[in-house]
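Written out below as structure tokens is the structure these notes cover.
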Amino acid sequence: MKKIYYLAAFSTALLALNSCSASTDESNDLNNPSSEQIEFAPYINATRGVVSNLSTLQQDGFTLWAAANNGATYDAVTDKVGFLYEEAVRYDLGHTYWAYDNIKFWPENNPVSFFAVAPASQFGGALQSTHTLGDAGAPVVTYQMPTAQDDQVDIIAAQTLDRSSNGNKVVFNFKHMLSNLDFGVRMPELEGVAIRLHKVEIFYKNDAVSSKCAINLNDMTSTVAADDVLFSSGTADDVLAASLYEGDKAVTTTTTRIAETSDKFLLTVPQEYALGDLYAKVSYTVTVTDPALPTTDFTNVVEDRIINLPVVPSGWKQGKRYRYAMTLGTDYLTFDTHVEVLPWDSAEETSLVPEVPFRPE
């Protein structure tokens, strides 16, 4: 029997969805569905690095819940997300449309509320839910962050409430649930001085920074999980959070991003932290040329300079990017730091792909 998939293309930021059919634990017109099926419309945020994009979402898919509101607005205290429950939505690369198994139609006279989290490849692993079918409200999903930077995953989530078909697509605005840390370096304007960077590592103080967050799909907040887990090395040593650079390059008077590849962002759980909980270990050389002695250079080697990075008032917030800029001095003791709070990306909500047909011909 041929299976029909009633889903079209999507994106990492704005997702449009329609749904319907009957569910045993949701009544009131659910057994009288309309003839309109779920439909997606694709939009995408132009995000970067380890953060989600259309390609990664197509590879991983997303997990979906939906509640039929029994003719009223969504109520997290009473409504149940049994209309669609932990539905895996995937991209059919061969036909270039989105697919799922539990096909739904719009219920007559019933608004539907939708909740989604991505990537689906993390669900049941680092992404966990203790919600069970029949529980009221949308799930609170926890995410346990890995220690290794290369294993980081950008967790995004979305909701759209109280939607009826009316021939329109349902739009999901996917939001970043983590915080994004970035790092830059510069040198002061000093005549006859050159600085070359050799190594930069970022550390969390041992047992000081939370690594587990709780993502509440009812209100789209991401906070430290109740069963908090701290980043820990298991020894007296601090936790290596990111290896940003190792090599030999000139430092200029303009703040330049330390990592040379776009995947060297550091994602972390939204939270408050104290001075000393986040620091950089930097190695560089300073070469001074004396105009009176043009053939003689004086070189100062600075190895494993520890720079405590400044505290952000009220802590890291979900969906924000924090750029820590370090100004290296001419000796081991001289340095300066500051931090900027920025949008996750400067090109949020940019449409990169056109809509595709509702279903393949």
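Between Glu191 and Thr289 there is no side-chain heavy-atom pair separated by less than 4.5 Å. Counting only heavy atoms from C-beta outward, the side chains of Val185 and Thr255 never approach each other to under 4.5 Å.
Note on Asp135 versus Lys80: no salt bridge recorded, every NZ/NE/NH1/NH2 to OD/OE distance being 4.0 Å or above. With respect to the salt-bridge test (charged N to carboxylate O, under 4.0 angstrom), the residues Lys281 and Asp238 do not qualify.
For the side-chain contact (heavy atoms from CB on, under 4.5 Å) test, residues two or more places apart in sequence or in another chain that qualify with Ala274 are Asp277. Residues forming a ring-ring contact (aromatic ring centres under 6.0 Å, His included) with Tyr324 (at least two apart in sequence, or on another chain): Phe183. With sequence neighbours excluded, the residues forming a ring-ring contact (aromatic ring centres under 6.0 Å, His included) with Tyr204 are Phe231, listed by chain and number.
Judged by distance alone, the side chain of Arg323 and the main-chain N or O of Glu340 form no donor-acceptor pair under 3.5 Å. For the pair Glu303 (side chain) and Tyr284 (backbone), a donor-acceptor distance under 3.5 Å is absent. Between the side chain of Glu201 and the main chain of Tyr245, no donor-acceptor pair closer than 3.5 Å is present. A distance-only check finds no donor-acceptor pair linking the side chain of Ser222 to the backbone of Ile215 [under 3.5 Å].
Checked against a 6.0 Å centroid threshold, the rings of His131 and Tyr85 count as neighbours. Side-chain rings of Trp65 and Phe114 stay apart, their centers remaining 6.0 Å or farther from each other.
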